[in-house]
Every structure is written in C-alpha cells, then in structure tokens.
Amino acid sequence: ATCEHPRKGLFGEIHLVKSRVRVDSVSHELDHLRCAWLFTNGIQLSTRNEEWYCRFGDELIRNFYHEYSRYLSAQKT
C-alpha cells in the first residue's frame, strides 16, 4: 500500500483481477490495506479497540462493494 494523505481518506491501493473478484479475495486485500493504515498511523490493536477495528473492516468492505456495484452497473450501459 502506498500512503498519500492517510488523514484525508486517500490511502493506498489494492489490485484485483477483474475476472476473479471474490468476497474472500476482496476481504483479504482490504485487510492488508487496513493493516498498512494502522501501521502508518501508529495504531496498535488491543482489546480496547478491537470492536472499532472490526467496524473499520466492515465499513471498508461495505464501501468497496457499493463502489464495485456502481462500476458493474456502469459497465452494463
């Protein structure tokens, strides 16, 4: 992952093969991105922030699939 402006929401990139986008591969790649963001921002995972970490992952996956759905819809037109 490459860091541009981690506090402004522009952070890193993931690469997926268009013909093989699967839930597990997306989740795996977003986990790498999430870890890189945590390391860059000096955040350590603990029992005190575990729930936040899980919600952060949920939001990443939800946002990815929202944008991916829009991409697929645009490809059909």
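When atom types are taken as modelled, the side chain of S73 and the backbone of S69 share a donor-acceptor pair closer than 3.5 angstrom.
Side-chain atoms of K18 and Y71, non-hydrogen and from C-beta on, do get closer than 4.5 Å to each other. Within the 4.5 Å cutoff, the side chain of W52 has no heavy atoms near those of the L45 side chain. When side chains are defined from C-beta on, Y53 does not count as touching I43, because their heavy atoms never get closer than 4.5 Å.
In this structure H15 satisfies the side-chain hydrogen bond (donor to acceptor under 3.5 Å, both in side chains) test together with E13, sequence neighbours excluded. In terms of the side-chain hydrogen bond (donor to acceptor under 3.5 Å, both in side chains) criterion, K76 has no residue partners (sequence neighbours excluded). Listed by chain and number, the residues in a side-chain hydrogen bond (donor to acceptor under 3.5 Å, both in side chains) with N63 amount to none (sequence neighbours excluded). Every residue two or more places apart in sequence or in another chain was checked for a salt bridge (Lys or Arg N to Asp or Glu O under 4.0 Å) with R20, and none qualifies.
Open room surrounds CD on Q44; 12 or fewer heavy atoms of other groups in view lie less than 6.0 Å from it. No more than 12 heavy-atom neighbours from other residues, nucleotides or ligands sit within 6.0 angstrom of CD on E50. Annotation for F39: atom CZ does not count as buried by contact number, only 12 or fewer foreign heavy atoms lying within 6.0 Å.
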Please output the side-chain donor-acceptor pairs of residues 22-31 that fall under 3.5 Å, not counting sequence neighbours, one pair per line with the distance.
| from | atom 1 | to | atom 2 | distance (Å) |
| --- | --- | --- | --- | --- |
| R22 | NE | D24 | OD1 | 2.9 |
| R22 | NH2 | D24 | OD1 | 3.4 |
| R22 | NH2 | D24 | OD2 | 2.9 |
| S25 | OG | R22 | N | 3.2 |
| S25 | OG | R22 | O | 3.0 |
| H28 | NE2 | H32 | NE2 | 2.9 |
| D31 | OD1 | R34 | NE | 3.4 |
| D31 | OD1 | R34 | NH2 | 2.3 |

Evaluate the side chain to side chain contact (heavy atoms under 4.5 Å, CB included) criterion for residues D58 and L60: first the C-alpha distance (whole Å), next the side-chain angles of each, then the deciding distance (0.1 Å), finally the verdict.
CA-CA 6 Å; D58 292 345; L60 279 175; over 6 Å; no
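V17 and F64 fall into different hydrophobic clusters, where Ile, Leu, Val, Met, Phe, Trp and Tyr are joined by side-chain heavy atoms under 4.5 Å apart, directly or via other members.
A salt bridge (Lys or Arg N to Asp or Glu O under 4.0 Å) check over residues 40-49, counting only residues at least two apart or in different chains, returns nothing.
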